[in-house]
Amino acid sequence: MNEIFITGTDTEVGKTFISSLLIKYIKQHKKKVLGFKPIAAGAEYAFGELVNDDALTLLESGNVSVPYNIINPYIFEQAIAPHIAAQESKKCITLGGLNASYKSIKTRLDPEGYLITEGAGGWALPINEEDYLYDWVKAQNLNVILVVGLKLGCLNHALLTHAHMKSIGVNCIGWIANHIDPSMHAQQQNIDSLIARLPMPLLAVAPFYNDSESEKPKLQVYKVLSDVLNLK
Ligand SMILES: Nc1ncnc2c1ncn2[C@@H]1O[C@H](COP(=O)(O)OP(=O)(O)OP(=O)(O)O)[C@@H](O)[C@H]1O
Ligand SMILES: C[C@H](N)[C@H](N)CCCCCC(=O)O
Ligand SMILES: [Mg+2]
């Protein structure tokens, strides 16, 4: 199975936006693909069940039909740091629980399928008093793609995020530049600054997408994306 973990330089930098475009890109290659949002904070009740927008977006983007709770095992109503939301609702996010959910979702895909997991927040997300979501990513030996939300400050966030991945032995297979701030100055120079400093390839660039535009958002994809995703 092809398994990828999508992290970002921060919360709200476009992990869901990019994950959804990547899932669509993989579907264009006639592959089965499923999104996984293990931990979601910020949810509403629909038909008596708590649901989260990111998880719904991932579910709708893929082409494998599974019940909601399979793709989003940990869900909290408040849009706050998940380990705090868990404490407040007297629940506990555990590495064991994440492993069990991951094992369960993997039974829904065959070995040629793609499982795209979206993190929550940035790379260093506490999940309880001891563990971080990256401990789980490392334990599962997942390849990571870093979404860089292009805004002032993203160079520091991207470089520190990658430095930490390297220090714990997590494999980052590439990064994606996401134009989230149309007013940002020197956008291309910022991309070039990261190309020069990050050792992994730039896989794609997402333009700023204006909701009022009739066109669907599109990734500008580099050939290396299909290579790292094993898509022929
Ligand atoms: N390229 C883009 N153009 C325009 N808007 C974008 C773009 N990328 C993301 N956005 C918008 O920015 C907001 C944050 O994006 P998104 O929800 O994907 O971030 P996230 O990193 O997944 O956040 P979270 O940490 O909550 O999971 C959303 O409203 C999304 O539609
Ligand atoms: C609520 C938000 N949209 C995300 N789901 C969770 C972000 C957690 C950030 C934790 C932190 O780094 O401070
Ligand atoms: Mg998201």
Side-chain angles (χ1 to χ4, degrees), residues 4-25 35-44 50-62 68 71-89 91 93 98 116-129 131-137 144-154 156-158 160-161 164 175-184 187-188 190-191 202-221:
I4 306 281
F5 183 85
I6 309 291
T7 192
T9 40
D10 201 352
T11 187
E12 292 276 310
V13 294
K15 297 183 299 297
T16 307
F17 184 84
I18 295 293
S19 298
S20 169
L21 291 176
L22 280 179
I23 289 172
K24 288 173 188 160
Y25 176 76
F36 183 49
K37 177 82 185 178
I39 303 171
E44 286 177 1
L50 268 182
V51 288
N52 165 265
D53 276 349
D54 290 11
L56 286 176
T57 299
L58 298 182
L59 189 59
E60 283 160 12
S61 303
Y68 180 87
I71 65 141
N72 181 205
Y74 287 107
I75 181 161
F76 304 100
E77 192 169 1
Q78 277 187 289
I80 59 176
H83 73 294
I84 300 173
Q87 268 168 4
E88 291 188 355
S89 53
K91 293 196 176 115
I93 306 168
L98 290 168
I116 307 298
T117 301
E118 184 197 336
W123 177 241
L125 182 92
I127 58 168
N128 55 44
E129 289 308 291
D131 306 308
Y132 291 83
L133 189 53
Y134 59 64
D135 293 319
W136 178 76
V137 175
V144 176
I145 292 178
L146 172 64
V147 175
V148 176
L150 289 164
K151 62 179 176 188
L152 198 57
C154 70
N156 170 53
H157 286 162
L160 282 179
T161 299
H164 183 266
W175 64 284
I176 294 180
N178 188 23
H179 284 282
I180 51 173
D181 177 8
S183 72
M184 186 195 190
Q187 299 188 355
Q188 188 56 47
N190 275 268
I191 294 178
L202 173 61
L203 305 174
V205 178
F208 182 77
Y209 169 66
N210 192 331
D211 258 348
S212 59
E213 284 169 24
S214 53
E215 262 193 50
K216 291 254 178 274
K218 256 200 200 128
L219 269 183
Q220 179 197 333
V221 163

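Each ligand, and each atom within it, is numbered from 1 in the order the structure gives.
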note = The N/O/S atom of Glu118 lying closest to the Mg ion (ligand 3) is OE2

request  = Among the N/O/S atoms of Asp54, select the one at the shortest distance from the Mg ion (ligand 3) and name it.
outcome  = OD2

inquiry  = For atom 5 (N) of ligand 2, what is the closest protein heavy atom, and at what distance to 0.1 Å?
reply    = Ala41 O, 3.4 Å

task = Specify the protein heavy atom at minimum distance from atom 4 (C) of ligand 2: its residue, its atom name, and the distance to 0.1 Å.
result = Thr11 OG1, 3.7 Å

inquiry  = Assess the residue pair Asn190 and Val148 against the criterion (side-chain contact (heavy atoms from CB on, under 4.5 Å)); give the C-alpha distance rounded to whole Å, side-chain angles, the decisive distance to 0.1 Å, and a yes or no.
reply    = CA-CA 11 Å; Asn190 275 268; Val148 176; over 6 Å; no

Do you see an N/O/S atom of [X], backbone or side chain, under 2.8 Å from the Mg ion (ligand 3)?
{"X": "Asp53", "answer": "no"}
{"X": "Glu12", "answer": "no"}
{"X": "Thr16", "answer": "yes"}

ask   = Measuring from each atom of ligand 1, which residues have a heavy atom under 4.0 Å away?
value = Thr11, Glu12, Val13, Gly14, Lys15, Thr16, Phe17, Lys37, Asp54, Glu118, Gly121, Asn178, His179, Ile180, Pro207, Phe208, Tyr209

ask   = Should the pair Phe5 and Trp136 be assigned to parallel (<30°), tilted (30 to 60°) or perpendicular (>60°) ring geometry?
value = perpendicular

inquiry  = As an exercise, identify every atom of ligand 2 less than 4.0 angstrom from a heavy atom of Ala79.
reply    = 1 (C)

Should the heavy atoms of other residues, nucleotides or ligands under 6.0 Å from [atom1] of [X] be counted, would the total exceed 12?
{"X": "Leu152", "atom1": "CG", "value": "no"}
{"X": "Phe208", "atom1": "CZ", "value": "yes"}
{"X": "Asp53", "atom1": "CG", "value": "no"}
{"X": "Gln188", "atom1": "CD", "value": "yes"}

Interatomic distance, [X] atom [atom1] to [Y] atom [atom2] [nearest 0.5 angstrom]:
{"X": "Leu58", "Y": "Lys37", "atom1": "CG", "atom2": "NZ", "answer": "7.5 Å"}
{"X": "Asn178", "Y": "Lys15", "atom1": "CG", "atom2": "NZ", "answer": "10.5 Å"}
{"X": "Phe17", "Y": "Ile6", "atom1": "CZ", "atom2": "CD1", "answer": "13.5 Å"}

key: Under 3.5 Å donor-acceptor, Asn72 side chain and Tyr74 backbone   = yes

query = Would a distance-only check, ignoring hydrogens and angles, find a side-chain to backbone donor-acceptor pair under 3.5 Å from Tyr68 to Asn52?
reply = yes

task = Return the option from Ala85, Ala120, Pro82 holding the heavy atom at the smallest distance from atom 8 (C) of ligand 2.
result = Pro82

message = Within the protein, is there a heavy atom lying under 4.0 Å from atom 12 (O) of ligand 2?
response = no

